[in-house]
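Notes follow the structure.
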Amino acid sequence: MALASKSIKELLGDEAEDLLTHKCDTISKDKLHLPSPSYVDEVWYQSDRNPRVLRNLQALLDHGRLGGTGFTSILPVDQGVEHSGGASFAPNPDYFDPENIIKLAIEGGCNGVASTFGVLGAVARKYAHKIPFIVKINHNELMTYPNTYDQVMFGSVERAYDMGAVAVGATIYFGSEESSRQIQEVARAFERAHELGLATILWCYTRNSAFKVDGEDYHASADLTGQANHLGVTLQADIIKQKQPTNNGGYKALNMGDSSYGKLDEDIYNKLASEHPIDLTRYQVANCYMGRAGLINSGGGSGENDFAQAVRTAVINKRAGGMGLISGRKAFQRPLKEGVKLLNFIQDVYLDEDITVA
């Protein structure tokens with residue numbers, strides 16, 4: 001049963017009226033390419049993507065509870081590598097078994113499941129034809145001592161293709177010392193993926209200790225993440241995964257005093273965005289070629305108010321013009337029924353016709 005609008009308002013609490021009635025006066029929704037049942041026909045059909053890529057994009061958009069809407073709800077479980085298996089699965093050890101990851105995605109009504117070569121390969125013959133697979137081809141491993149933070153390839157695009165995946169995913173740490181190499185590796189991988197007919201999803205993360213200035217963390221600032229998105233679509237990612245903005249002004253902070261970093265225009269802050277979370281996320285969508293590449297925001301780590309936070313993130317993403325949410329730890333670090341419930345709550349936001357683009 002769908003989550004009622006009243007329940008969504010209750011979960012949003014004091015922010016409900018502001019988030020549900022806000023009108024975006026920065027970048028008009030009329031300028032965006034918005035998710036719709038005909039999104040592939042209207043947007044990607046015009047591109048250089050071959051028919052096999054279009055078929056796989058459509059397969060992803062047609063699956064699960066959001067099938068046929070143009071929106072996506074994806075379960076990502078690569079944390080066994082990115083955050084260590086013990087730290088990720090200790091709250092619910094069932095998910096050491098890859099089959100339970102797939103079961104959660106299916107019972108949760110997701111469009112697809114994104115995970116590692118090992119997880120998806122372990123159950124590919126049983127499940128690749130039952131839910132779209134997205135194979136994450138690079139990772140940051142936490143075994144090197146002291147810990148280093150770098151994304152390295154864990155396998156080939158051909159292997160993802162052979163196991164029946166519809167898409168590959170990758171991460172780039174934009175701003176890091178290793179980013180130039182990561183950009184080249186992902187560019188080659190995405191070119192090969194498109195040749196084989198696989199869709200591409202890029203985790204466009206920012207990472208550099210210098211992005212923390214005077215106690216303020218700008219890793220999720222709208223201007224820096226927006227530029228990361230812009231680079232991601234330049235690499236021909238079909239879908240962009242990004243953390244939802246928590247502030248703005250990263251470029252300005254990094255250009256204080258005698259420092260100089262990047263390029264900026266004051267209109268980024270005065271005309272193209274405001275302090276409102278929907279406007280900040282709208283700027284991220286704009287950098288995805290005005291929505292030609294869909295923006296999916298991450299659900300973040302698990303915590304005390306997971307259901308309320310997940311619904312809030314979904315409302316902001318949808319009203320900004322985004323394509324959906326990709327939420328992992330909030331779902332798998334709890335019993336199966338609760339994980340399914342959380343995923344359904346997210347999906348219900350996108351199914352609610354009263355929640356419109358701002």
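The model shown is predicted, which means the values in this text are computed figures rather than measured ones. Residue numbers count from 1 along this sequence.
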- [ ] Please assess Gln236 against Glu191 for the test side-chain contact (heavy atoms from CB on, under 4.5 Å), listing each intermediate value before the final yes or no.
- [x] CA-CA 8 Å; Gln236 292 207 307; Glu191 179 180 1; over 6 Å; no
- [ ] Could you check Lys126 against Glu99 for salt bridge (charged side-chain N to carboxylate O under 4.0 Å, His left out), going step by step and ending with a plain yes or no?
- [x] CA-CA 9 Å; Lys126 185 173 182 179; Glu99 186 167 12; 2.7 Å; yes
Task: Criterion side-chain contact (heavy atoms from CB on, under 4.5 Å) on Leu61 and Phe71, from CA distance to verdict - done: CA-CA 7 Å; Leu61 292 174; Phe71 294 110; over 6 Å; no
- [ ] Check the pair Asn208 / Ser176 against side-chain hydrogen bond (donor to acceptor under 3.5 Å, both in side chains), numbers first and verdict last.
- [x] CA-CA 5 Å; Asn208 192 308; Ser176 71; over 6 Å; no
- [ ] Could you go through the side-chain contact (heavy atoms from CB on, under 4.5 Å) check for Leu198 and Tyr161 one step at a time?
- [x] CA-CA 7 Å; Leu198 301 181; Tyr161 172 81; 4.1 Å; yes
Task: Stepwise side-chain hydrogen bond (donor to acceptor under 3.5 Å, both in side chains) test for Asp78 and His83 - done: CA-CA 8 Å; Asp78 60 351; His83 301 284; over 6 Å; no
Task: Evaluation steps, side-chain contact (heavy atoms from CB on, under 4.5 Å), between Asp223 and Tyr218 - done: CA-CA 9 Å; Asp223 53 353; Tyr218 292 99; 5.7 Å; no
- [ ] Check the pair Lys9 / Glu17 against salt bridge (charged side-chain N to carboxylate O under 4.0 Å, His left out), numbers first and verdict last.
- [x] CA-CA 8 Å; Lys9 291 178 181 178; Glu17 183 176 357; over 6 Å; no
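Using modelled atom types, one side-chain atom of His276 and one backbone atom of Ile278 make a donor-acceptor pair closer than 3.5 Å. For Asn247 (side chain) and Asp217 (main-chain N/O), a donor-acceptor pair under 3.5 Å exists by modelled atom type. Of the possible donor and acceptor atoms, none in the side chain of Asn297 sits under 3.5 Å from a partner among the backbone N and O of Ile326. The closest donor-acceptor contact from the side chain of Asn317 to the backbone of Gly324 lies under 3.5 Å. Under the 3.5 Å distance criterion, the side-chain polar atoms of Ser38 are left unmatched by any main-chain donor or acceptor of Asp41. Counting only distance, with no hydrogens or angles, the side chain of Asn248 and the backbone of Ser221 share no donor-acceptor pair below 3.5 Å. Side-chain N or O atoms of Gln151 include one that pairs as donor or acceptor with a backbone N or O of His139 at under 3.5 Å. At distances below 3.5 Å, at least one donor-acceptor pair connects side-chain atoms of Arg319 with backbone N or O atoms of Thr356. In this structure a side-chain-to-backbone donor-acceptor pair under 3.5 Å is present from Arg282 to Ala358. Using modelled atom types, one side-chain atom of Asn344 and one backbone atom of Gly108 make a donor-acceptor pair closer than 3.5 Å.
Side-chain contact between Arg207 and Asp150: absent, with no pair of heavy atoms (C-beta onward) separated by less than 4.5 Å. For the pair Phe332/Leu104, a side-chain contact is recorded, criterion being any heavy-atom separation below 4.5 Å from C-beta on. Two residues are said to be in side-chain contact when any heavy atoms from C-beta on lie closer than 4.5 Å; Ile8 and Leu11 fail this criterion. At a threshold of 4.5 Å between non-hydrogen side-chain atoms, the residues Ile316 and Gln244 count as touching. In this structure, Lys341 and Arg334 have side chains that are not in contact, with every pair of non-hydrogen atoms separated by 4.5 Å or more. The shortest side-chain heavy-atom distance between Gln227 and Tyr251 falls under the 4.5 Å cut-off. Looking at heavy atoms from C-beta onward, Trp203 lies out of side-chain contact with Ile172 at the 4.5 angstrom threshold.
If you check the side chains of Asn305 and Gln309, you find no donor sitting under 3.5 Å from an acceptor. Using modelled atom types, one finds a donor on one side chain and an acceptor on the other under 3.5 Å when comparing Asn229 with Gln242.
Taking the six-membered ring where tryptophan is involved, the planes of Phe345 and Phe307 are perpendicular, since the angle between them exceeds 60° and thus also 30°. Relative ring orientation between Tyr205 and Tyr173 is described as parallel, the plane-to-plane angle staying below 30° on a 0-90° scale split at 30° and 60°.
Between Asn138 atom CG and Thr116 atom OG1 the span is 12.0 Å, to the nearest 0.5 Å. We find the CG-OG distance between Leu325 and Ser73 to be 7.5 Å, quoted to the nearest 0.5 Å. Met323 CE to Ile239 CD1: the interatomic distance, rounded to the nearest 0.5 Å, is 5.5 Å. Here the straight-line distance linking atom CD1 of Ile102 with atom CG of Leu120 works out to 5.0 Å at 0.5 Å rounding. Gln182 contributes atom CD, which lies 9.0 Å from atom CG of Asn140 (distance to the nearest 0.5 angstrom). Note: Lys318 NZ to Thr313 OG1 = 15.0 Å, rounded to the nearest 0.5 Å.
Not less than 6.0 angstrom separates the ring centroid of Tyr289 from the ring centroid of His33.
Of all the heavy atoms in Asp279 and Ala273, the pair that sits closest is O-CB, 4.3 Å. Across every non-hydrogen atom of Cys204 and Ile240, the tightest pair is SG-CD1, 3.8 Å. Between Ala170 and Val186 the shortest heavy-atom distance is CB-CG2, 3.9 Å. Contact between Arg312 and Leu12 at its shortest, heavy atoms only, is CA-CD2, 3.6 Å. What you find for Pro35 and Gly322 is that their closest heavy atoms are CG-O, 3.3 Å. Between Asn255 and Ser260 the shortest heavy-atom distance is OD1-CA, 3.3 Å.
Ile296 is not connected to Val233 by any chain of hydrophobic side-chain contacts under 4.5 Å among Ile, Leu, Val, Met, Phe, Trp and Tyr, and they are in different clusters. At a threshold of 4.5 Å between side-chain heavy atoms, the hydrophobic network of Ile, Leu, Val, Met, Phe, Trp and Tyr places Val166 and Phe133 in two separate groups. There is no path of hydrophobic side-chain contacts, each under 4.5 Å, that joins Leu280 to Tyr283. Note on Met163: it clusters hydrophobically with Val77, by side-chain heavy-atom contacts below 4.5 Å among ILVMFWY residues. A chain of hydrophobic side-chain contacts below 4.5 Å, direct or via other Ile, Leu, Val, Met, Phe, Trp or Tyr residues, connects Tyr95 to Ile131.
For Tyr45, the OH atom counts as loosely surrounded, since its 6.0 Å shell holds 12 or fewer non-hydrogen atoms of other residues, nucleotides or ligands. Atom CD of Glu158 sits in a crowded spot, with more than 12 heavy atoms from other residues, nucleotides or ligands closer than 6.0 Å.
Under 4.0 Å is where a charged nitrogen must lie from a carboxylate oxygen, and between Arg65 and Asp348 at least one such pair does. With respect to Lys212 and Glu216, no salt bridge is recorded, no charged nitrogen being found less than 4.0 Å from a carboxylate O.
For the side chain to side chain contact (heavy atoms under 4.5 Å, CB included) criterion with Val157, the lone passing option out of Leu196, Asp162, Val135 is Leu196. Screening Val168, Val53, Asp48 for a side chain to side chain contact (heavy atoms under 4.5 Å, CB included) involving His194 leaves a single residue, Val53.
Because its NZ or CZ atom is not both nearer than 6.0 Å to the ring centre of Phe117 and within 45° of the ring axis, Lys136 does not count as a cation-pi partner of that residue.
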